[in-house]
Amino acid sequence: MQKNLQTTGGMMRLVWTVAGAIFVLDQLSKIWVVHVMDLATRLYIDVLPPLLNFRMAWNYGINFGLLAGDAPATRWILISVALGIVLFVTIWLRRDPPGRMGLISAGFLIGGALGNVVDRVLYGAVADFLNMSCCGFENPFAFNVADIAIFIGAFGLVVFPGEKKGP
């Protein structure tokens, strides 16, 4: 596997394989919870209260509803920003490839970003449904698998930036 990663094609294959897996996991979880379990109509399902609950939230903005707006322009601006980030990360990976963990992290970020882009295209908003609270703290926010992947991916790219090149 290490020899395969020495080529740009091998590196990008790893990134896109991880991104594809995250994307599929995100979309399947949304289809299952929002549509099959009918969270879109029921609005809440207690799974393991208070630790894990499903709470339907259509997010028209970015994290925690920041920059939320129901206007079509906001929707397409956020889609463009997400696709721009995917393009930027892809170009950056080709120019200055990180190690294996950095490539996996990039796959998490790209897969999550694309999962949320599909939501915005299909529904006009991102389908958030995971809600976790604990220890007397009631979390008012919901998130999804894509959000988790984006966070892990961004964190991983900071922690695993790759090798420093000499002068």
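Hydrogens, waters and symmetry mates are skipped; everything else that's a heavy atom, side chains included, is used.
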Any chain of hydrophobic side-chain contacts (each under 4.5 Å) joining [X] to [Y]?
X	Y	answer
Phe141	Phe137	no
Val81	Ile150	no
Phe151	Phe108	no
Val117	Trp58	yes
Ile77	Val126	no

Do the non-hydrogen side-chain atoms of [X] and [Y] ever get within less than 4.5 Å of each other?
X	Y	value
Arg95	Ile91	yes
Ser29	Asn144	no
Thr90	Met12	yes
Phe23	Val145	no
Phe143	Ile148	yes
Trp32	Met37	yes

Closest non-hydrogen atom pair, [X] against [Y]:
X	Y	value
Val86	Ala113	CG2-CB, 3.9 Å
Val34	Ala127	CG2-CB, 4.2 Å
Ala57	Ala142	CB-CB, 4.0 Å
Ala146	Asn116	CB-OD1, 3.3 Å
Ala106	Leu93	CB-CD1, 3.5 Å
Ala19	Ile110	CB-CG2, 3.9 Å

CA sep, side-chain torsions, deciding dist, call: Lys30, Asp128, salt bridge (Lys or Arg N to Asp or Glu O under 4.0 Å): CA-CA 8 Å; Lys30 289 171 182 170; Asp128 288 337; over 6 Å; no

Ring geometry between His35 and Tyr123 (parallel below 30°, tilted from 30 to 60°, perpendicular above 60°):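 Geometry flag for His35 against Tyr123: tilted rings.
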
Asn139 (side chain) donor-acceptor with Met132 (main chain) under 3.5 angstrom: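 Checked: pair present.
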
Heavy-atom donor-acceptor pair, Ser133 side chain to Leu51 backbone, under 3.5 Å: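 Absent.
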
NZ/NE/NH1/NH2 to OD/OE distance under 4.0 Å, Asp119 and Arg75: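 Arg75 and Asp119: not salt-bridged.
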
With rounding to the nearest 0.5 angstrom, report the [atom1] to [atom2] distance, [X] to [Y].
X	Y	atom1	atom2	result
Leu78	Arg120	CG	CZ	4.5 Å
Phe88	Leu83	CZ	CG	15.0 Å
Phe160	Leu103	CZ	CG	12.0 Å
Asp38	Leu43	CG	CG	9.0 Å
Leu157	Ile152	CG	CD1	12.0 Å
Leu114	Leu109	CG	CG	9.5 Å

Steps toward side-chain contact (heavy atoms from CB on, under 4.5 Å) verdict (Phe54, Leu130): CA-CA 5 Å; Phe54 295 156; Leu130 295 168; 3.7 Å; yes

Residues Asn131, Glu138; criterion side-chain contact (heavy atoms from CB on, under 4.5 Å); working and verdict: CA-CA 9 Å; Asn131 174 267; Glu138 181 126 358; over 6 Å; no

Stepwise side-chain contact (heavy atoms from CB on, under 4.5 Å) check, Tyr44 with Asn53: CA-CA 7 Å; Tyr44 65 90; Asn53 300 298; over 6 Å; no

